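These notes concern the structure reproduced below.
Not measured: the values here are computed from a predicted model. Order of the sequence lines sets the chain letters (A, B, ...), proteins ahead of strands, with each chain counted from 1. These numbers come from the heavy atoms of this one structure, side chains and all, not from hydrogens, waters or symmetry mates.
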2 protein chains.
Amino acid sequence: MSLPETELAVFMERLRESGIKLTHQRMEIFKEVASRMDHPDAASVYERVRERVPTISLDTVYRTLWMLKEAGLITTLGPAHDRLRFDANTAPHHHFVCTICGKTEDFYCDAFNSLNVPQEVNAIGVVERAQVELRGLCNACAKEETK
Amino acid sequence: MSLPETELAVFMERLRESGIKLTHQRMEIFKEVASRMDHPDAASVYERVRERVPTISLDTVYRTLWMLKEAGLITTLGPAHDRLRFDANTAPHHHFVCTICGKTEDFYCDAFNSLNVPQEVNAIGVVERAQVELRGLCNACAKEETK
DNA sequence: TTATTAAACAGGAATCATTCTTATTTAGTA
DNA sequence: TACTAAATAAGAATGATTCCTGTTTAATAA
Ligand SMILES: [Mn+2]
Ligand SMILES: [Mn+2]
Ligand SMILES: [Zn+2]
Ligand SMILES: [Zn+2]
């Protein structure tokens, strides 16, 4: 609900140092997404912000959310970006996901196959499967980067 | 590339025991997705299968992939469901994802924050972040289930 | 083998999330 | 207060996925 003063200050400072304009819309969108712990989608952020800024457009919400991600102030869930992807590997395994190109590679690790989940999680639901997702730069994208 | 005889047998048996018809299309789609380790999207499966079954439709590919998921023969990547979702929680944390309703909840676990990734992964790329993703049934959906 | 029929299919239309285009507005600066 | 590049709103476009409908087919039994 309430947003710590410091978070807002960090947001404003981050924009200033990047030469990005601090608009009314951006302020409201950041306050909305930063105050929610339920991993909202863009439409949900849009609906809520609209109560305070009735003329805001969905496009502005998307643009702002991507900008916030670029600035490292928020992240996206999942292998990010575009389409549904399928996996026929039924053996226990884990994934490395490239944050640039989205390439997703399997890897195997016995230690990761037998993680024991904290008590805390029982209050949420029943775990059926545990997977580790590593995010980073794949070698191909790292090579691109150095130019 | 090549698909072990047993995988195909399991596939055929799984369909039979569920009373699902074993069609030419389903056979080819399963063989395609099961032979690939690159987590293809539906369009990619479609393109490849089309070389062997020129009249196949994209709709059939989608229907079949969902059916295979239902049968437990494949999985989907990410928190599944449809839309992009955003997360403004910048503290190190992990996720529980409900496989029914898609609800995604944060949880915290020091042990998970300091996983050490296997050597193997260095051959793929540079890891920037590691997150554990637990999949299962949330309490609300579990209650629905029992009826 | 042939007939029967519910299930599955192909093709095209529809939907829906996301992105693009463009004319208008505004934050930052002087 | 005036200037200007950046940001916005609105609506059109795109693209992935799903739905609709008439046709085909796998499975079963005569
Ligand atoms: Mn995999
Ligand atoms: Mn989270
Ligand atoms: Zn990459
Ligand atoms: Zn649920």
Table please: side-chain donor-acceptor pairs of residues 10-20 of chain B below 3.5 Å, with sequence neighbours left out.
{"unit_1": "B:Glu13", "atom_1": "OE1", "unit_2": "B:Arg16", "atom_2": "NH1", "d": "3.3"}
{"unit_1": "B:Arg14", "atom_1": "NH1", "unit_2": "B:Ala71", "atom_2": "O", "d": "2.8"}
{"unit_1": "B:Ser18", "atom_1": "OG", "unit_2": "B:Arg14", "atom_2": "O", "d": "3.0"}

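One finds no side-chain N or O of B:Thr23 lying less than 4.0 angstrom from the OP1 or OP2 phosphate oxygen of D:dT25. Side-chain N/O atoms of B:Arg63 include none lying less than 4.0 angstrom from OP1 or OP2 on C:dA8. Checking the phosphate oxygens (OP1, OP2) of D:dA9, a side-chain nitrogen or oxygen of A:Gln25 falls inside 4.0 Å. Between A:Trp66 and C:dT18 there is no side-chain polar atom (N or O) within less than 4.0 angstrom of OP1 or OP2.
The stretch residues 8-16 of chain B does not touch DNA chain C, since none of its heavy atoms comes less than 4.0 Å from the strand. Less than 4.0 Å separates DNA chain D from no heavy atom of any residue of residues 45-53 of chain B.
Counted by atom type alone, A:Thr55 and A:Arg50 present zero donor-acceptor pairs between their side chains at under 3.5 Å. In this structure, a donor-acceptor pair under 3.5 Å is present between the side chains of A:Ser44 and A:Arg36. B:Thr76 and B:Lys69 form a side-chain donor-acceptor contact under 3.5 Å, judged by distance and modelled atom types alone.
Across D:dT8, C:dT18, C:dA10, the shortest atom-to-atom separation from the side chain of A:Arg26 is found for D:dT8. Side-chain atoms of A:Thr55 lie closest to D:dA9 of the nucleotides D:dA27, D:dA9, C:dC9. The A:Tyr62 side chain lies nearest to C:dT18 when the options are C:dA8, C:dG28, C:dT18. Ranking D:dA5, C:dG12, D:dT25 by closeness to the B:Asp59 side chain, first place goes to C:dG12. Side chain of A:Ser57, nearest nucleotide from D:dA10, C:dT18, C:dG11: D:dA10.
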| query | Where do B:Glu7 and B:Lys31 land on the salt bridge (Lys or Arg N to Asp or Glu O under 4.0 Å) test, with the steps shown first? | reply | CA-CA 9 Å; B:Glu7 281 203 54; B:Lys31 287 195 331 201; over 6 Å; no
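With sequence neighbours left out, the salt bridge (charged side-chain N to carboxylate O under 4.0 Å, His left out) criterion links B:Arg129 to no other residue. With sequence neighbours left out, B:Asp106 forms a side chain to side chain donor-acceptor pair (under 3.5 Å) with A:His39, B:Asn89, B:His93, B:His95.
Clustering ILVMFWY residues whenever any of their side-chain heavy atoms sit less than 4.5 angstrom apart, transitively, puts A:Val121 in a cluster other than the one holding B:Val97.
A salt bridge does not link A:Glu128 to B:Arg135: none of the charged side-chain nitrogens sits closer than 4.0 Å to a carboxylate oxygen. In summary, A:Arg26 and A:Glu28 do not engage in a salt bridge, as defined by a charged side-chain N under 4.0 Å from a carboxylate O.
The distance from atom CE of A:Met27 to atom P of D:dT8 is 13 Å, rounded to the nearest whole Å.
A:Leu58 comes within contact range of at least one nucleobase, with a heavy-atom separation under 4.0 Å. Contact annotation for B:Ile20: backbone-only contact, meaning every heavy-atom pair under 4.0 Å involves sugar-phosphate atoms and none involves a base.
Inter-axis angle, ends of the helix from C:dT1-D:dA30 to C:dA30-D:dT1, five pairs per end, rounded to 10 degrees: 40°.
When every heavy atom of A:Ser57 is checked against every heavy atom of A:Tyr46, the shortest pair comes out as C-CE1, 3.7 Å.
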